[in-house]
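Following: one structure in structure tokens, then a few remarks.
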Amino acid sequence: MKSTLERSLGFFKPYWGLLLISALCSAIVGGMDGAFAYLVEPVLKKIFAGKDTGIFLLVPVGIVILFVVRGFARFTYDTTIKLAGQKAIQDIRNTLYANTLRQDMAFFNRQSTGELMSHMTNDISQMQEGIGQVVTGLFRDLISAVSLMGVIFYRNWALAIISFVVIPATAYPAKLIGKKIKNASGRSLNVMGGLTAVLQETFSGVKVIKAFGLENQTIAGFQATNLEFFRQIRRYIKYESLAMPVSESIISLGVAGVVYFGGSQVMSGRMTPSEFFSFIAAMVMVFTPIKKLQSSYNVVQRSAGAADRVFHLLDERRAIVDRPGAVDMERSSGRVEFRNVSFNYGGEPVLRNISLVAESSRMVALVGPSGGGKTTLVSLIPRFYDVSEGAIFIDGRDIRDVTVASLVSQIALVDQETTLFNESIANNIRYGKPGATQEEVVEAAKAAFADDFIQQLPHGYDTNIGDRGLRLSGGQRQRICIARAILKNAPILILDEATSALDTESEKMVQKALDNLMINRTTFVIAHRLSTVLHADTIIVLEQGRIVESGSNDDLLKNSSLYSRLHSLQFSDRSAGDPSDEP
């Protein structure tokens with residue numbers, strides 16, 4: 001199995017051209033460091049020993065030319081390597097987003113929104129820094145260090161051995177500290193994920209927080225989580241700050257040895273001062289890229305914790321996939337059959353031995369106490385989850401034998417939670433049929449009784465409705481969702497508590513829109529308000545995951561049953577306050 005670093009660098013493969021240019025330019029930069037160190041000794045000899053004034057006059061010009069060329073090469077190197085890094089990170093983020101969005105609903109039940117957002121932002125930003133350091137160290141600092149080491153060994157191999165014999169001694173503490181940095185970074189990112197989750201929950205639920213006067217309590221909770229993040233990041237800061245002093249302390253032993261033995265050779269006449277100065281200059285220069293390489297190693301260790309989290313998420317495999325040989329489903333007639341269906345979630349039984357048939361263009365209502373499994377049952381139709389036992393058939397075909405994409409194209413959903421996006425009204429309706437014309441959008445809105453209020457908005461269908469559509473009323477948002485479902489024109493319709501959160505006036509308007517939507521469609525309706533399902537062709541009563549009763553409204557009322565008790569409770573309560581709710 002590939003290491004985290006190998007997998008990260010694998011995203012650079014498409015950009016080998018940029019890396020090649022960067023490598024060439026970094027070789028020029030590193031090579032010039034070596035050339036500069038090599039030329040110090042002969043130039044000093046000619047100037048001070050040979051009294052060569054011509055060389056002396058050319059040195060300033062040569063220095064300017066050298067640094068101009070070096071600067072251009074460094075600019076090209078930095079630009080190309082950063083572009084390659086940004087492109088690689090862009091690919092990682094795109095891959096992670098696509099892989100996450102394609103997961104099944106069980107995955108999203110396990111993951112918090114804030115944690116997923118942290119993966120997409122904080123973790124990938126950490127990875128970006130680490131990948132940049134890897135490539136920088138590999139191309140620029142490594143080449144610079146190698147060229148300078150070549151000069152040092154050429155000048156005096158004995159002193160070179162003395163200066164570098166201590167380098168391996170830095171490896172163990174660097175590895176130990178690097179592991180500490182990785183662990184501390186991983187823990188801090190875990191806490192940051194929790195911090196992001198707190199922010200997401202706070203801002204989405206700010207109305208409840210204010211309504212119950214929980215600002216101080218919420219602030220205290222956030223501060224506690226933020227303090228835990230500080231404690232984790234403090235460990236990282238401590239280890240990162242410790243790395244360089246430990247390394248420099250060990251390297252100083254080599255430097256001290258060179259000064260002692262090299263100085264002794266100069267004083268004994270076995271080495272000229274210019275040779276010794278050239279060696280010292282090269283040695284001082286070579287320790288700079290070596291220290292940078294170690295610093296890069298620490299950054300890589302920090303980003304490795306983030307990369308582990310990212311690749312862990314990338315390795316998640318969705319449970320709901322197309323079977324081998326799955327075929328595309330043609331437009332369905334809408335006949336849906338549950339045959340001995342059971343469903344367990346987390347080891348707990350949710351549905352038990354469900355068998356029912358919804359004939360084409362008929363309305364099936366699902367009622368019963370909360371927690372009875374109504375929403376779970378309809379969620380099995382588009383394969384948000386797969387059955388544990390039994391099978392679901394559409395037009396006589398097991399839905400697991402058709403592709404998921406073609407299956408969901410047969411189904412439209414209008415949920416209790418009106419999910420709208422921070423875009424124009426037209427684009428929100430167009431989610432039902434990407435690429436729909438403006439005329440199709442308007443026709444769908446008219447059928448949903450939404451056109452009138454849309455036309456009164458400042459920019460009509462181009463009006464941006466804000467985050468989650470909060471600039472619209474509940475009834476308006478729901479009619480936009482109905483228009484979206486009408487535009488999709490699917491043969492099977494699922495209405496999950498589509499009017500439960502609305503006032504009476506809005507409910508009546510939305511119900512008219514729903515009546516238009518249900519024409520010639522097989523419809524599954526989940527409702528707590530029995531007044532909305534009195535005319536259903538079949539009413540299924542669910543309790544504790546089982547079908548306890550089924551039939552028409554009139555049939556069920558004739559029996560002393562759970563449905564009749566629910567009916568009596570609802571309509572006896574409403575008759576005292578709103579006679580219009582009576583059947």
Side-chain angles (χ1 to χ4, degrees), residues 203-207 331 334 361 363 382 408-529 531-535 578 580-581:
F203 295 139
S204 61
V206 67
K207 184 184 293 185
R331 183 172 177 84
S361 302
M363 175 181 173
V408 298
S409 70
Q410 310 292 322
I411 302 162
L413 169 67
V414 180
D415 200 11
Q416 177 182 2
E417 298 180 7
T418 51
T419 303
L420 298 175
F421 303 93
N422 192 8
E423 294 190 45
S424 68
I425 287 178
N427 285 339
N428 270 281
I429 296 175
R430 209 172 264 121
Y431 266 81
K433 182 182 176 183
T437 65
Q438 186 69 13
E439 289 74 18
E440 290 175 311
V441 169
V442 173
E443 285 301 313
K446 288 179 178 178
F449 296 95
D451 181 67
D452 288 343
F453 81 79
I454 293 174
Q455 296 289 3
Q456 295 173 8
L457 295 173
H459 304 288
Y461 283 86
D462 294 326
T463 301
N464 189 292
I465 58 177
D467 185 29
R468 292 175 291 140
L470 291 180
R471 295 176 187 170
L472 303 177
S473 69
Q476 290 172 336
R477 290 197 298 270
Q478 196 64 286
R479 278 178 278 168
I480 296 296
C481 292
I482 293 170
R484 186 164 61 195
I486 290 174
L487 186 60
K488 185 173 184 179
N489 192 27
I492 300 169
L493 175 64
I494 297 173
L495 304 178
D496 189 352
E497 299 286 356
T499 63
S500 64
L502 303 178
D503 57 71
T504 302
E505 184 177 353
S506 296
E507 180 185 356
K508 290 179 179 178
M509 184 65 72
V510 168
Q511 192 60 53
K512 288 182 181 179
L514 290 174
D515 290 341
N516 281 346
L517 176 58
M518 289 187 286
I519 295 174
N520 297 324
R521 290 182 173 87
T522 303
T523 306
F524 289 85
V525 181
I526 298 174
H528 281 115
R529 294 184 183 179
S531 60
T532 61
V533 297
L534 297 178
H535 304 294
D578 188 358
S580 64
D581 281 336

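For this chain, numbers begin at 1 and follow the sequence in order.
Ala445 approaches Ile429 most closely through the heavy-atom pair CB-CD1, 4.1 Å. Nearest approach of Val525 to Met518, heavy atoms of both residues: CG2-SD, 4.4 Å. Of all non-hydrogen atoms in Arg479 and Phe449, the two that sit nearest each other are NH1-O, 2.8 Å. Contact record, Ala444 with Ala483: CB-O, 3.5 Å, taken as the closest heavy-atom pair.
Under the salt bridge (Lys or Arg N to Asp or Glu O under 4.0 Å) criterion, the residue pairs touching residues 420-438 are Lys433-Glu440, with sequence neighbours excluded. Screening residues 442-464 for salt bridge (Lys or Arg N to Asp or Glu O under 4.0 Å), with sequence neighbours left out, gives no hits.
A 4.5 Å side-chain heavy-atom check between Val441 and Asn427 finds every atom pair outside the cut-off. Within the 4.5 Å cutoff, side-chain heavy atoms of Leu420 are placed close to those of Cys481. Looking only at side-chain heavy atoms (C-beta outward), Val414 and Asp496 stay at 4.5 Å or farther from each other. Under the 4.5 Å side-chain criterion, counting only non-hydrogen atoms from C-beta, Ile480 is in contact with Ile454.
Expressed to the nearest 0.5 Å, how far CG of Leu472 lies from CD of Gln478 amounts to 12.0 Å.
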Show me the side-chain donor-acceptor pairs of residues 485-495 shorter than 3.5 Å, one per line, residues at least two apart or across chains.
from	atom 1	to	atom 2	distance (Å)
Lys488	NZ	Val408	O	2.7
Lys488	NZ	Ile411	O	2.5
Asn489	OD1	Arg521	NH2	2.8

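When the side chain to side chain donor-acceptor pair (under 3.5 Å) test is applied to Thr463, no partner is found at least two apart in sequence or on another chain. Taking the ring pair (Phe, Tyr, Trp, His ring centres under 6.0 Å) definition, one finds that Phe453 meets it with nothing, sequence neighbours left out. Partners of His535 by side-chain contact (heavy atoms from CB on, under 4.5 Å), not counting sequence neighbours: none found.
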| said: If you apply the rule side chain to side chain contact (heavy atoms under 4.5 Å, CB included), what do you find for Tyr461 with Gln455, and how did you get there? | reply: CA-CA 7 Å; Tyr461 283 86; Gln455 296 289 3; 3.8 Å; yes
